[in-house]
Amino acid sequence: MAFKAIFLDRDGVVNVDKGYVYKKKDFIFTDGIFEVLRHFQRCDYLLFIVTNQSGIARGYYSENDFLSLSRYMLKEFNDNGITITKIYYCPHSPEANCECRKPKPKMLLDAQKEFDINMSVSWLIGDKISDIEAGLRAGVQNLIYIGEGECANAHNVKSIKEAMKLIS
Ligand SMILES: [Mg+2]
């Protein structure tokens, strides 16, 4: 039996997007995120983070900086009763034209294969059009946009707390 999943973008969804965040002190969890993710877990969703991290290719921070911040984030989640099944990240620049950077769907499709995810009962939450585009291309049935303005192909909400009400 396949699993259902919620794919979360990181910056702007899990934490406040301050632009190329790589230090603990700049990593501010979004309001209500722990409560929301515990709710998703109770509803039997596996949780994934899927994030573009071009700051690595741009030399703003190293891959080790990213991994170290990820360990901190996962520890905070653990301490709050939340298990993230896996973090997928793309370290490349847009110019590299790699296969993984969103809006390409590869990171989502990798998760689907690796963990036997049924995309037709899964959700993606993002704050950029490129997140939604990746979700569409990967066949994720339910898309939630919490960014600026409106996004045509997704549920539009103002916050992660509001996104919680859509998923049960
Ligand atoms: Mg984002």
Side-chain angles (χ1 to χ4, degrees), residues 5-41 45-108 110-111 123-135 140 143-151 154-167:
I6 298 183
F7 300 103
L8 304 149
D9 174 47
R10 197 194 77 176
D11 302 293
V13 174
V14 167
N15 58 290
V16 178
D17 189 357
K18 297 178 159 203
Y20 302 105
V21 171
Y22 69 99
K23 291 178 184 159
K24 268 192 240 179
K25 72 171 180 59
D26 297 323
F27 195 91
I28 312 299
F29 285 94
T30 48
D31 187 32
I33 187 73
F34 297 137
E35 176 199 344
V36 170
L37 296 190
R38 281 193 298 263
H39 167 75
F40 293 159
Q41 280 187 169
Y45 289 93
L46 295 183
L47 304 176
F48 295 94
I49 293 175
V50 179
T51 177
N52 285 349
Q53 292 293 326
S54 68
I56 296 171
R58 295 175 206 268
Y60 298 162
Y61 49 90
S62 70
E63 193 151 13
N64 271 334
D65 291 330
F66 170 76
L67 294 172
S68 146
L69 183 61
S70 295
R71 280 191 294 274
Y72 164 75
M73 176 182 70
L74 292 177
K75 166 100 173 52
E76 293 294 305
F77 276 139
N78 257 311
D79 291 350
N80 284 278
I82 294 151
T83 304
I84 302 295
T85 297
K86 185 164 174 174
I87 302 170
Y88 290 86
Y89 66 100
C90 167
H92 307 115
S93 69
E95 295 75 31
N97 197 27
C98 63
E99 281 311 305
C100 41
R101 183 176 167 82
K102 292 177 285 183
K104 288 186 180 168
K106 183 173 189 296
M107 294 192 282
L108 298 165
D110 284 350
W123 294 74
L124 174 141
I125 307 175
D127 73 327
K128 295 257 171 68
I129 301 293
S130 54
D131 297 320
I132 301 304
E133 180 69 32
V140 179
L143 307 163
I144 300 179
Y145 179 71
I146 54 175
E148 297 290 314
E150 294 280 303
C151 175
H155 298 276
N156 289 263
V157 299
K158 292 288 165 236
S159 70
I160 188 85
K161 280 182 173 174
E162 215 185 306
M164 178 168 84
K165 296 181 195 150
L166 293 170
I167 306 178

Between [Y] and [X], is there a side-chain heavy-atom distance shorter than 4.5 Å?
X: Tyr88; Y: Lys106; answer: no
X: Phe7; Y: Met107; answer: no
X: Arg10; Y: Leu69; answer: yes
X: Tyr145; Y: Ile129; answer: yes
X: Ile87; Y: Met73; answer: yes
X: Arg71; Y: Leu67; answer: yes
X: Thr83; Y: Leu47; answer: no
X: Arg58; Y: Pro94; answer: yes

Here's a test for you: under side chain to side chain contact (heavy atoms under 4.5 Å, CB included), which of Ser54, Pro91, Ser130 qualifies with Arg101?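 It is Ser54, the one option of Ser54, Pro91, Ser130 that forms the side chain to side chain contact (heavy atoms under 4.5 Å, CB included) with Arg101.
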Indicate whether any N or O donor in one side chain lies under 3.5 Å from an N or O acceptor in the other, for Glu63 and Tyr89.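 Yes - a donor-acceptor pair under 3.5 Å links their side chains.
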Rounded to the nearest 0.5 Å, how far apart are [atom1] of [X] and [atom2] of [Y]?
X: Leu124; Y: Leu108; atom1: CG; atom2: CG; answer: 6.0 Å
X: Ile49; Y: Thr85; atom1: CD1; atom2: OG1; answer: 10.0 Å
X: Gln41; Y: Ile6; atom1: CD; atom2: CD1; answer: 9.5 Å
X: Ile132; Y: Asn156; atom1: CD1; atom2: CG; answer: 8.0 Å
X: Leu143; Y: His155; atom1: CG; atom2: NE2; answer: 7.5 Å
X: Lys23; Y: Lys18; atom1: NZ; atom2: NZ; answer: 11.0 Å

Ala163 to Ile125 - nearest heavy-atom pair and separation: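 So the minimum-distance heavy-atom pair works out to CB-CD1, 4.3 Å.
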Exam field: side chain [X] to backbone [Y], donor-acceptor pair closer than 3.5 Å:
X: Ser62; Y: Asp65; answer: yes
X: Lys104; Y: Cys98; answer: yes
X: Asp11; Y: Asp9; answer: no

Salt bridge or not between Lys102 and Glu133? Use side-chain N to carboxylate O under 4.0 Å.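 Looking at Glu133 together with Lys102, the answer is no, because their closest N to O distance does not fall below 4.0 Å.
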With a cut-off of 3.5 Å and sequence neighbours excluded, list every side-chain donor-acceptor pair involving residues 26-36.
residue: Thr30; atom: OG1; partner: Val13; partner atom: O; Å: 2.8
residue: Thr30; atom: OG1; partner: Val14; partner atom: O; Å: 3.2
residue: Asp31; atom: OD2; partner: Lys161; partner atom: NZ; Å: 3.4

Once the angle between the rings of Tyr61 and Tyr20 is folded into 0 to 90°, is it parallel (under 30°), tilted (30 to 60°) or perpendicular (over 60°)?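 Because their plane-to-plane angle lies in the 30° to 60° range, the rings of Tyr61 and Tyr20 count as tilted.
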